[in-house]
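The chain is numbered in sequence order, starting from 1. Atoms within a ligand are numbered from 1 in the order they appear, just like the ligands themselves. Side chains included, hydrogens not; waters and symmetry mates left out as well; all remaining heavy atoms used.
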Amino acid sequence: MIYEFIKQAVENKKKLVAALIDPDTDTGIPLEERVECINNSMVDLIFVGGSTLYNRDFDDFVKKIKGLTENPVIIFPGSSLQISKHADAILFLSLISGRNPQYLIGEHVRAAPRLRKMDIEVIPTGYMLIESGSTTTVEFISNTRPIPRNKNEIALAHALAGEFLGMKFIYMDAGSGADNSIPAEMIRAVKSGITVPLIIGGGIRSKEDIEEKFSAGADIVVIGSLLEKEPEALKK
Ligand code: 1GP
């Protein structure tokens, strides 16, 4: 069980790194090569998903990745179109920083009956967008406003509400390719108030960035764009 594996890791103070593969990103670096770099790095988990799905059959894409790696493959869905029985688990994201019912519950209702038929672990996750300096794809597509990056108390209140609603993880995201990643002070403020594992992503591009997020309280750090542009950098 993926949730138990992550919970155990967090209890044992082990930090985890997740590599995000977006089905819509084509950087010219073949998928096989990117997954090979992941396999030879300290990455623990592979997330698959993105805000849009224009270019690929999602189910085939997940199946292909699963065939290339021993790492757990976890769906990070942008919509109800992004589900696959080939994944080990899905983060059942509710976009709790926004007030758009489509991403709070609507897409979930579309996906739930199909998920029930699949042998896939479903992990309820409170997903929070944090302002990053400019409009990200996820903000635009989800039609929601992110939490201002200096409003730590508002971020904490959302994370707590998510935990009280039964969400097993809180995922704070500045959005893929964010100009600015989530401030350490905000991570610290949220981590000090919640008891569930905290996932941090968006705009994290270096070893120093990763270390900063971990020491502020992130349990899992997500790396996306760096892997797409410079997969060899993962070895660092
Ligand atoms: C985006 O958190 C992920 O949802 C990863 O962001 O692509 O900026 O690493 P990057």
Side-chain angles (χ1 to χ4, degrees), residues 6 15-29 31 34-35 37-38 41-53 58 65 71 73-79 82 90-98 103 107 123 125-144 146-147 149 155 159 169-184 186-187 190 197-214 216-236:
I6 293 173
K15 303 290 185 179
L16 301 173
V17 176
L20 172 65
I21 304 179
D22 186 328
D24 262 359
T25 305
D26 226 335
T27 56
I29 304 169
L31 179 67
R34 282 184 277 157
V35 177
C37 287
I38 291 173
S41 73
M42 41 106 54
V43 166
D44 307 281
L45 309 164
I46 297 180
F47 288 178
V48 185
S51 296
T52 59
L53 187 63
F58 191 78
I65 293 171
N71 282 308
V73 174
I74 302 169
I75 301 172
F76 168 57
S79 77
Q82 298 180 21
I90 181 168
L91 299 179
F92 205 55
L93 303 175
S94 184
L95 208 178
I96 58 174
S97 57
Y103 293 102
E107 292 295 318
I123 308 175
T125 301
Y127 184 57
M128 294 166 46
L129 290 182
I130 310 299
E131 184 195 358
S132 63
S134 58
T135 307
T136 57
T137 304
V138 59
E139 281 170 45
F140 184 78
I141 295 288
S142 68
N143 200 12
T144 64
I147 294 173
R149 50 190 293 107
F169 298 148
I170 295 295
Y171 187 152
M172 292 167 71
D173 199 350
S176 192
D179 293 343
N180 299 291
S181 59
I182 298 178
M186 183 178 272
I187 297 172
V190 169
L198 181 60
I199 307 172
I200 299 291
I204 298 170
R205 299 186 181 90
S206 67
K207 187 167 167 276
E208 291 71 30
D209 285 349
I210 296 176
E211 279 163 2
E212 182 202 56
K213 307 308 171 202
F214 279 151
D219 297 299
I220 303 176
V221 162
V222 185
I223 307 293
S225 309
L226 180 72
L227 165 73
E228 285 156 4
K229 293 186 188 121
E230 228 188 305
E232 289 289 326
L234 279 187
K235 288 185 185 153
K236 283 195 232 157

Notebook entry, point to check: Which of the numbered atoms in ligand 1 are below 4.0 angstrom from a heavy atom of G177?
Noted result: 7 (O), 8 (O), 10 (P)
Checklist line | Atoms of ligand 1 close to L20 [distance to a heavy atom under 4.0 angstrom, numbered from 1] | finding: 1 (C), 3 (C), 5 (C)
Next item on the list: Mind checking the CZ-CD1 spacing from F76 to I90? Nearest 0.5 Å is all I need.
Entry: 11.0 Å
Notebook entry, point to check: Numbering the atoms of ligand 1 from 1, which are under 4.0 Å from a heavy atom of G201?
Noted result: 2 (O)
Next item on the list: Report yes if some N/O of G224 lies less than 3.5 Å from some N/O of ligand 1; otherwise report no.
Entry: yes
Notebook entry, point to check: What atoms of ligand 1 come within less than 4.0 Å of a heavy atom belonging to S225?
Noted result: 7 (O), 8 (O), 9 (O), 10 (P)
Next item on the list: State which residue, out of L198, D219, I123, fulfils the side-chain contact (heavy atoms from CB on, under 4.5 Å) condition with F169.
Entry: I123
Item checked: Atom pair CZ (F214) and CD1 (I220), whose distance is rounded to the nearest 0.5 Å -> 8.5 Å
Check: Given A18, G202, G203, A174, which has its nearest heavy atom closest to atom 5 (C) of ligand 1?
Finding: G202
Item checked: Derivation and outcome, ring pair (Phe, Tyr, Trp, His ring centres under 6.0 Å), residues Y127 and Y103 -> CA-CA 10 Å; Y127 184 57; Y103 293 102; 9.6 Å; no
Item checked: Side chain, backbone, both or neither: the part of I223 lying under 4.0 Å from ligand 1 by heavy atom -> backbone
Check: Taking atom OG of S97 and atom CG of L129, what is their separation to the nearest 0.5 Å?
Finding: 4.5 Å
Checklist line | Straight-line distance of T125 OG1 to F92 CZ, nearest 0.5 Å | finding: 10.0 Å
Check: Which protein heavy atom lies closest to atom 1 (C) of ligand 1, and at what distance to 0.1 Å?
Finding: D173 OD2, 3.4 Å
Next item on the list: Return yes when L226 approaches ligand 1 closer than 4.0 angstrom through a heavy atom, no otherwise.
Entry: no
Notebook entry, point to check: Counting heavy atoms only, which part of Y171 comes closer than 4.0 Å to ligand 1: side chain, backbone, both or neither?
Noted result: side chain
Notebook entry, point to check: Distance from T27 atom OG1 to D22 atom CG, nearest 0.5 Å?
Noted result: 10.5 Å
Check: Which atoms of ligand 1 are found less than 4.0 Å from any heavy atom of F76?
Finding: 4 (O)
Check: Taking the side chain as C-beta and beyond, is there a heavy-atom pair between E228 and I29 under 4.5 Å?
Finding: no
